[in-house]
Amino acid sequence: MAVTVVAHFEHEQVRLVYAEVSGNVVTLGKTLVVPLPDFDHYLSNEPAKSFLVTADFNDAYQFSMLVPTLKEKIAKKIMEAEIRKRFPDLKESAYFSISNGEVAQEGRKMDERFICAIEEEELSRITSLFARHDKTIIALLPGYLPISRLAADADDDTPTLLIAATPKGKTILLIKKNALLFVRRLESADAGYTAIDIQNINMTVNYCRQSLRLNPAKAIFIGTAPDRELLADLIVRPEIPQDVFASVFGMDVAFLVPVAALLHGAALKHMSVLPEAYSTYLRDKKLVIACTVFFCVVVCLAFALTAYRTAELFSARARLDSLKAELTRVQPKADAYERQRADYQPQSQLIAFLRSAESAPDLSRPFVRLAVIGGAGMQDVNLEALKVTADTAYVMVTLRGTFAGEKFSAMQDSFVRLKQIAKESPGTEIVAEKMELKGRAFEVTLRSPVQEQVR
């Protein structure tokens, strides 16, 4: 499992927790407390590249408002305009918002948002430390955000106070349905509770009732709890969970915030208040890294292609040398062939003529066979036209002529004898025939195979 490092900034020191996180399982490692002046030196020697950062920010710039249920981009513009209107002295800031559910106002659905803005100069003092040493901040969260997720039984409709003690103060959160409604940080000398702390808690309850119109029904103490005598002065019902932080994690409650960030930091990343300048720096850094990786890949591919082409060139050179050697070996035979070819050149035309004559169809036999048409019994047949076509397979002979006799029966008999004589040649067949009694004309087309004729 990868090691996650959480850095929590409080006053003039930074608390660090190293842990391995896998799903809901957190395995705590070492813890450190580094004075703020020495944190720069710590980062220069720390091998970890990314940090989840929390800090105790000023809680003065907070309010709740109703935002129309519009697209998030439009809702952001409305909230940013309201921040500038309420806090004109806040020049540059980053903020987060938490939706507390929809309410109906004048027939319109509105989204109730808790908004907290933080001065960008205060944020930049933290981000500049990490940027100077090329460290990445995964998310920058106010310390009370992860604390707000520790109240497992504050998920009903009743407003609840969640009170967490830290070495330098108390954090009071007003929660309803696990949504944050109000936050107040109290300075104190130690992590224990005094009568002044109880008085401040009671004043916070009265503020919620009078100004926010919310009546907290109970107060849940996280980490440590007041003594019984002090709890008796509390104006709301106190609750001390059995799994008090110190007993659950077996460590000093001073590390309550960073450990809570380990548990719930992943779910709170969208509320990060990283300033725009640092977000731009991170984007540029990722772009530079991506371009560098791409350039390295291209260079590696170019080197690989060059090596491949070089090997291919040497292989082609070897094949060329082999072909040259083979050419030298067969050159005498080629020269001898050219000399013999030159000797036979005068007889080449005669050889070509004899080959063409040999391959031509033999038309003598069809003509010899047709000569009998003028023999006995065929005196009344006048052959007027003869058309012969030939290809490599067949010889086609078309006969056209007229009958000398005037009787139709004599013409019919002569036409029958003509076809019989024509078909007596082996393989010959009549493919078309026509006789006109009125004009005493006839036409017969014969087809004979060339092979039969040559045989």
Side-chain angles (χ1 to χ4, degrees), residues 24 54 57-88 90 93-118 139-164 171-185 204-220 222 236-237 239 241 260-261 263-274 276 279:
N24 294 326
T54 60
F57 293 120
N58 189 346
D59 59 3
Y61 305 108
Q62 61 171 304
F63 63 97
S64 295
M65 66 175 294
L66 297 178
V67 180
T69 53
L70 303 171
K71 291 183 178 180
E72 189 61 25
K73 287 185 178 180
I74 301 177
K76 283 184 177 181
K77 291 184 181 297
I78 294 175
M79 290 185 289
E80 290 168 1
E82 187 66 20
I83 291 173
R84 290 192 295 269
K85 177 183 176 182
R86 288 176 180 254
F87 312 112
L90 196 59
S93 67
Y95 72 97
F96 68 89
S97 68
I98 300 175
S99 175
N100 295 325
E102 289 186 349
V103 297
Q105 186 183 53
E106 298 178 357
R108 296 178 59 190
K109 288 185 177 181
M110 306 288 283
D111 187 12
E112 186 178 7
R113 299 278 187 107
F114 170 77
I115 301 170
C116 185
I118 302 169
L140 178 55
L141 303 170
Y144 51 79
L145 275 180
I147 293 177
S148 67
R149 298 298 181 97
L150 295 177
D153 56 348
D155 56 353
D156 53 19
D157 290 334
T158 304
T160 302
L161 282 183
L162 182 62
I163 306 168
T171 301
I172 304 175
L173 308 174
L174 181 63
I175 297 173
K176 181 180 178 182
K177 288 185 178 180
N178 280 330
L180 186 61
L181 304 175
F182 174 75
V183 59
R184 183 184 182 190
R185 296 186 63 255
T204 303
V205 172
N206 289 328
Y207 173 81
C208 293
R209 291 172 178 173
Q210 298 172 8
S211 300
L212 303 181
R213 298 292 189 268
L214 295 171
N215 186 17
K218 57 184 176 180
I220 301 175
I222 299 295
V236 292
R237 176 170 54 87
E239 284 191 8
L263 293 172
H264 304 287
L268 297 171
K269 283 183 182 179
H270 66 285
M271 297 184 190
S272 175
V273 289
L274 285 172
E276 183 62 27
S279 300

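The heavy-atom pair separating Thr54 from Gly143 by the smallest distance is CB-CA, 4.3 Å.
Residues Pro68 and Arg108 meet the side-chain proximity criterion, which asks for heavy atoms closer than 4.5 Å. Counting only heavy atoms from C-beta outward, the side chains of Leu150 and His264 approach each other to under 4.5 Å. Counting heavy atoms from C-beta outward, Phe96 and Cys116 have side chains that approach closer than 4.5 Å. Between Val103 and Leu66, the closest side-chain pair of non-hydrogen atoms falls below 4.5 Å. Between Pro142 and Ile118 there is a side-chain heavy-atom pair separated by less than 4.5 Å.
Take Ser93 and apply the side-chain hydrogen bond (donor to acceptor under 3.5 Å, both in side chains) test, not counting sequence neighbours, and it matches no residue. Considering only residues two or more places apart in sequence or on other chains, Thr69 meets the side-chain contact (heavy atoms from CB on, under 4.5 Å) condition with Glu102, Lys109, Asp111. Applying the side-chain hydrogen bond (donor to acceptor under 3.5 Å, both in side chains) criterion to Ser272, with sequence neighbours excluded, gives no partner residue. Applying the side-chain contact (heavy atoms from CB on, under 4.5 Å) test to Ala164 and every residue at least two apart in sequence or in another chain returns Ile147, Ile222, Leu256. Residues that satisfy the side-chain contact (heavy atoms from CB on, under 4.5 Å) test with Asn215, not counting sequence neighbours, are Arg209. Every side-chain contact (heavy atoms from CB on, under 4.5 Å) that Arg237 has, sequence neighbours left out, goes to Lys218, Glu239. The ring-ring contact (aromatic ring centres under 6.0 Å, His included) search around Phe57 returns none, not counting sequence neighbours. For Ser148, there are no side-chain hydrogen bond (donor to acceptor under 3.5 Å, both in side chains) partners two or more places apart in sequence or in a different chain.
In this structure, CG in Leu212 is found 8.0 Å from CG in Leu181, a value given to the nearest 0.5 Å. In this structure, Leu174 CG and Thr160 OG1 are separated by 8.0 Å, a value rounded to the nearest 0.5 Å. Distance CZ/Phe114 to CG/Leu180: 4.5 Å, rounded to 0.5 Å. Taking CG from Leu214 and CZ from Phe182, the interatomic distance works out to 11.0 Å, rounded to the nearest 0.5 Å. Rounding to the nearest 0.5 Å gives a distance of 9.5 Å between CD1 of Ile220 and CD1 of Ile163. In this structure, CG in Asn206 is found 10.0 Å from OG in Ser211, a value given to the nearest 0.5 Å.
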Quiz item: For Ser97 and Arg113, what are the C-alpha separation, side-chain angles and deciding distance, and is it a side-chain hydrogen bond (donor to acceptor under 3.5 Å, both in side chains)?
Solution: CA-CA 6 Å; Ser97 68; Arg113 299 278 187 107; 3.0 Å; yes
Quiz prompt | Trace of the side-chain contact (heavy atoms from CB on, under 4.5 Å) decision for Met65 with Ile115 | solution = CA-CA 8 Å; Met65 66 175 294; Ile115 301 170; 3.6 Å; yes
Practice problem: Could you give me the CA-CA distance, side-chain angles and deciding distance for Met271 and Ile98, then say whether side-chain contact (heavy atoms from CB on, under 4.5 Å) is met? | Solution: CA-CA 8 Å; Met271 297 184 190; Ile98 300 175; 3.7 Å; yes
Exercise. Give the intermediate values and the outcome of side-chain contact (heavy atoms from CB on, under 4.5 Å) for residues Leu161 and Leu173.
Key: CA-CA 6 Å; Leu161 282 183; Leu173 308 174; over 6 Å; no
Sequence neighbours excluded and cut-off under 3.5 Å, please list the side-chain donor-acceptor pairs for residues 78-87, or say none.
residue : atom : partner : partner atom : Å
Glu82   : OE2  : Arg86   : NE           : 2.8

